Enquirer: 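Input: one structure, supplied below.
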Amino acid sequence: MAKNNSRVKIGLKCSESGDINYTTTKNAKTTTEKLELKKYCPRLKKHTVHKEVKLKS
């Protein structure tokens, strides 16, 4: 029996450089708002805010 897969793949895009540096999954049913995390940007060599974007499946 197959599970109802409610997890979706998302990318985390740097708000300063515009690069998608990270990919992750989230449960779309329980987390309806967009993720916003402070992560390391290798291009800028510092921690910046990364926002959720949709990925091409």
Side-chain angles (χ1 to χ4, degrees):
M1 209 168 186
K3 290 184 179 180
N4 185 6
N5 196 0
S6 61
R7 296 195 72 78
V8 291
K9 287 185 182 178
I10 58 167
L12 294 175
K13 183 177 181 179
C14 179
S15 59
E16 292 184 27
S17 70
D19 296 339
I20 298 175
N21 296 322
Y22 299 96
T23 59
T24 188
T25 60
K26 78 169 189 175
N27 188 333
K29 289 184 179 180
T30 59
T31 312
T32 55
E33 66 276 355
K34 291 198 174 215
L35 283 179
E36 204 170 280
L37 302 171
K38 198 161 187 180
K39 302 286 279 180
Y40 181 77
C41 180
R43 178 179 283 188
L44 301 175
K45 298 181 181 164
K46 64 179 183 176
H47 284 81
T48 59
V49 174
H50 284 67
K51 296 182 181 180
E52 173 188 335
V53 293
K54 285 187 178 179
L55 290 178
K56 299 174 188 172
S57 294

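Residue numbers start at 1 and run along the sequence shown. Since the model is a prediction, treat every value here as computed from it, not as a measurement.
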Enquirer: Which residue pairs satisfy the ring pair (Phe, Tyr, Trp, His ring centres under 6.0 Å) criterion with at least one member in residues 3-23, sequence neighbours excluded?
Expert: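 Output for this query lists Tyr22-His50.
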Enquirer: From Ile10 CD1 over to Leu35 CG, what is the distance, rounded to the nearest 0.5 angstrom?
Expert: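 Rounded to the nearest 0.5 Å, the CD1-CG separation comes out at 4.5 Å.
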Enquirer: What pairs meet the salt bridge (charged side-chain N to carboxylate O under 4.0 Å, His left out) rule with one or both residues in residues 12-30, with sequence neighbours excluded?
Expert: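 Listed by first then second residue: Glu16-Lys46, Asp19-Arg43, Lys26-Glu52.
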Enquirer: So, the side chain of Thr48 versus the backbone of Cys14: is there a donor-acceptor pair under 3.5 Å, distance only?
Expert: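 No, the answer is negative, given that no donor and acceptor are paired below the 3.5 Å cut-off.
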Enquirer: Rounded to the nearest 0.5 Å, how far does CG of Leu12 lie from CD of Glu36?
Expert: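 Here the interatomic distance stands at 10.5 Å.
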Enquirer: Rounded at 0.5 Å granularity, tell me how far CG in Asn27 sits from CZ in Arg7.
Expert: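 Rounded to the nearest 0.5 Å, the CG-CZ separation comes out at 5.5 Å.
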Enquirer: What residues form a side-chain hydrogen bond (donor to acceptor under 3.5 Å, both in side chains) with Lys39, not counting sequence neighbours?
Expert: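 Checked Lys39 against side-chain hydrogen bond (donor to acceptor under 3.5 Å, both in side chains); zero matches.
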Enquirer: So, for Ile20 and Gly11, which heavy atoms are closest and what is the spacing to 0.1 Å?
Expert: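 Closest pair (atom of Ile20, atom of Gly11, distance): CG2-CA, 4.1 Å.
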